[in-house]
There are 2 protein chains.
Amino acid sequence: MKKEVIFTDILNCPVRNVLDRIGDKWSLLILMVLNQNEVLRFNEIHQAIGDISQKMLSVSLKNLEADGLVNRKVYPQIPPKVEYKLTDLGKSLLPHVDALAGWSNQNMQTILANRASYQKS
Amino acid sequence: MKKEVIFTDILNCPVRNVLDRIGDKWSLLILMVLNQNEVLRFNEIHQAIGDISQKMLSVSLKNLEADGLVNRKVYPQIPPKVEYKLTDLGKSLLPHVDALAGWSNQNMQTILANRASYQKS
DNA sequence: CCGAATCCTGTGGGATACTG
DNA sequence: CAGTATCCCACAGGATTCGG
């Protein structure tokens, strides 16, 4: 067993970079919803998630678009119509997200039980 | 292509539950450091991460312990000695974390480039 | 050495109202 | 419909100090 401490590359750590974007309150959820539906309009995502504010949905989508994970297509008409879908980059991330979601589903009960029994000590 | 909007189970979504814990600023990083080293003492983790405050390391470790992802072993001696290591549950999560980290490593350059070119528009 | 306790600040993010 | 703009606050998290 190696016992030398590996220093995490503080400044340029990719995990931090990605997690700072994806680890916020809504991004992963948005990605998963988009993954389930191929193409969605703004309000469809809004309703799908339910308890996200317009502001945060807007901000989150913009971030995801900036990172190139989500594509935004505007139809110049009135009333406006905007469609969102995953880019190839976004799609390449989603298996890992789903894996995480799968693990969460399998182990949530255990975790909740752990938390409960931890309380009593 | 199905266009029916799937509502996320707002209240009991496992992904949210797990992400609220794991998606904070430090937890994943701590898990990865522990994964690289089998057993670590408090200060070893502290130094390995570098820019984490004592408080947040303490809090994060406690949360991870409460969820049953990390095991904490205290040696009752002076000066104190405390060892941390992953539980089996924690170990079962780590492949997915590593997968995410791997994806991050592979695609960070692309993402950074996307962000940069997004600025100019 | 391993934290707990306290204090303090920045900001993530909600509510609401307005616009093209 | 698809957002922006504004206001506002809770809380994550840093700095510092104290204790066993």
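Just so it is clear, the structure is predicted and the values come from calculations on it, not from any experiment. By convention in this document, chain letters (A, B, ...) are assigned in the order of the sequence lines, proteins followed by strands, and residues within each chain are numbered from 1. Hydrogens, waters and symmetry mates are skipped; everything else that's a heavy atom, side chains included, is used.
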Exercise. In terms of side-chain heavy atoms, does Asp24(B) have a donor or acceptor partner in Ser27(B) at a distance below 3.5 Å?
Worked result: yes
For this session: Return yes if a side-chain donor-acceptor contact under 3.5 Å exists between Tyr75(A) and Glu83(A), otherwise no.
Result: yes
When the distance from [atom1] of [X] to [atom2] of [N] is rounded to whole Å, what number comes out?
{"X": "Gln77(B)", "N": "dG20(D)", "atom1": "CD", "atom2": "C1'", "answer": "14 Å"}
{"X": "Lys81(B)", "N": "dG20(D)", "atom1": "NZ", "atom2": "C1'", "answer": "18 Å"}
{"X": "Lys25(A)", "N": "dA12(D)", "atom1": "NZ", "atom2": "C1'", "answer": "13 Å"}
{"X": "Arg72(A)", "N": "dT4(D)", "atom1": "CZ", "atom2": "C1'", "answer": "12 Å"}
{"X": "His46(B)", "N": "dA15(D)", "atom1": "NE2", "atom2": "C1'", "answer": "12 Å"}
{"X": "Asn43(A)", "N": "dG3(D)", "atom1": "CG", "atom2": "P", "answer": "9 Å"}

Exercise. Taking only side-chain nitrogens and oxygens of Arg41(A), does any of them come within less than 4.0 Å of OP1 or OP2 of dC1(D)?
Worked result: no
For this session: Would you please confirm or rule out a distance under 4.0 Å between OP1 or OP2 of dA12(D) and any side-chain N or O of Arg21(B)?
Result: no
Exercise. With a non-hydrogen cut-off below 4.0 angstrom, is Tyr84(B) in contact with a base, only sugar-phosphate, or nothing?
Worked result: sugar-phosphate
Exercise. Roughly how far, to the nearest 0.5 Å, is CZ of Phe42(B) from CD of Gln47(B)?
Worked result: 11.0 Å
Problem set entry | Start and end of chain A contact along DNA chain C [non-hydrogen atoms, under 4.0 Å] | dG13(C) to dG20(C)
For this session: Output the residues of residues 52-65 of chain A in contact with DNA chain C, where contact means a heavy atom of the residue under 4.0 Å from an atom of the strand; sort by number or write none.
Result: Ser53(A), Gln54(A), Lys55(A), Met56(A)
Mind checking side chain to side chain contact (heavy atoms under 4.5 Å, CB included) for [X] and listing every partner two or more places apart, or none if nothing turns up?
{"X": "Lys91(A)", "value": "Leu86(A), Asp88(A)"}
{"X": "Lys55(B)", "value": "Ser53(B), Val59(B)"}
{"X": "Leu100(A)", "value": "Leu19(B), Leu93(B), His96(B)"}

Exercise. Backbone N or O of Trp26(B) within a donor-acceptor pair of the Ser60(B) side chain at under 3.5 Å?
Worked result: no
Exercise. Is the backbone of Arg41(A) close enough, under 3.5 Å, to the side chain of Glu44(A) for a donor and an acceptor to pair up by distance?
Worked result: yes
Exercise. Between the axis at one end of the helix from dC1(C)-dG20(D) to dG20(C)-dC1(D) and the axis at the other (five pairs apiece), what's the angle to 10 degrees?
Worked result: 50°
Seminar exercise, completed: With Leu34(A) as partner, the option from Leu94(A), Val70(A), Leu64(A) fulfilling side chain to side chain contact (heavy atoms under 4.5 Å, CB included) is Val70(A)
For this session: Answer yes or no: is there a side-chain heavy-atom contact under 4.5 Å between Leu112(B) and Asp67(A)?
Result: no
Exercise. Quick one: do Asp51(A) and Lys25(A) make a salt bridge, cutoff under 4.0 Å?
Worked result: no
